[in-house]
Amino acid sequence: MRIDVVSIFPDYLSALDLSLIGKARASGLLRFDVHDLRDFTTDRHRTVDDTPYGGGAGMVMKAEPWAQALTAVLDAGDTAAAEAAPPVLVIPSPAGEVFRQATAHELAAADHLVFACGRYEGIDERVAEWAEERFTVRPMSIGDYVLNGGEVATLAMVEAIVRLIPGVIGNPGSLTEESHADGLLEYPMYTKPASWRGRDVPEVLLSGDHGRIARWRREQQLARTADRRPDLLPPAGP
Ligand code: ADE
């Protein structure tokens, strides 16, 4: 998979060199490039923003540097592959569709993802319209709160996506047993010692009875989901 990120703060993304993503890059499963939006400006001050039409607080990112940057990313890519399946342009925004585990799976199947990290009050709306001709455009929110820009949201989405690429995680079983894999929160986990500061590991986990353990874990998943995230439970039948 190929991932490009465009940002005015490319250093933000360097955290992705650590750990899993760094290994995926080193092993050749992932090509990951970060581009500085200011390299695509033409004025002396490398201006990327301007005041909003219609008035209001804050600044809006100008369209032309984005068109230049995204065109450069496309030109550097595999044009035959892009014609067969257009790259996905993810625009992090609190006004986007909510990014979920199912979205991570969908995006993990793409050949080429491009993340456009806006700052200030966002990017001139015409960029998304223009990009529709070249990309599949997905405005995405990571939750109902407002960040200062798209970089932190991109870090979260890239990590969630890349760990699903086959070969990136050493033990793929861990992907099927974690929270959200089956629409529920995961069951509680314990490790040695069996008794710690007066708290014992649930007896069933020491029983060696795999059927009982599986049933107990399922009950825990349901109870925990009902308690913490009742919105995830399927509606009760008639
Ligand atoms: N940019 C600012 N807030 C955001 C959010 N909640 N999700 C994605 N991008 C954002």
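First listed ligand is number 1; within each ligand, the first listed atom is number 1. From a predicted model like this one, the values you see are computed outputs, not experimental measurements.
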I'd like a table of donor-acceptor pairs (distance under 3.5 Å, sequence neighbours excluded) in which one partner is a side-chain atom from residues 213-221, with atom names and distances.
| unit_1 | atom_1 | unit_2 | atom_2 | d |
| --- | --- | --- | --- | --- |
| Arg218 | NH1 | Asp182 | OD2 | 3.2 |
| Gln221 | NE2 | Leu185 | O | 3.1 |

**Report entry** Qualifying side chain to side chain donor-acceptor pair (under 3.5 Å) pairs with a residue from residues 61-72, counting only residues at least two apart or across chains
**Finding:** Glu64-Gln68
Requested in this report: List, by chain and number, the other hydrophobic cluster members for Tyr187, where Ile, Leu, Val, Met, Phe, Trp and Tyr join if side-chain heavy atoms come within less than 4.5 Å, directly or indirectly.
Outcome: Met189
Requested in this report: In plain terms, say whether Arg224 and Glu186 are close enough for a salt bridge, that is, a side-chain N and a carboxylate O under 4.0 Å apart.
Outcome: no
Query raised in the report: Ion pair present between Asp39 and Arg46, side-chain N to carboxylate O less than 4.0 angstrom?
Result: yes
Query - Amino acids in close contact with ligand 1, where any non-hydrogen atom sits under 4.0 angstrom away - result: Pro92, Ser93, Pro94, Met140, Ser141, Ile142, Gly143, Tyr145, Val146, Leu147, Gly149, Ala153
Query raised in the report: Does the side-chain contact (heavy atoms from CB on, under 4.5 Å) test come out yes or no for Leu222 and Leu233, once each step is laid out?
Result: CA-CA 8 Å; Leu222 289 165; Leu233 291 173; 4.3 Å; yes
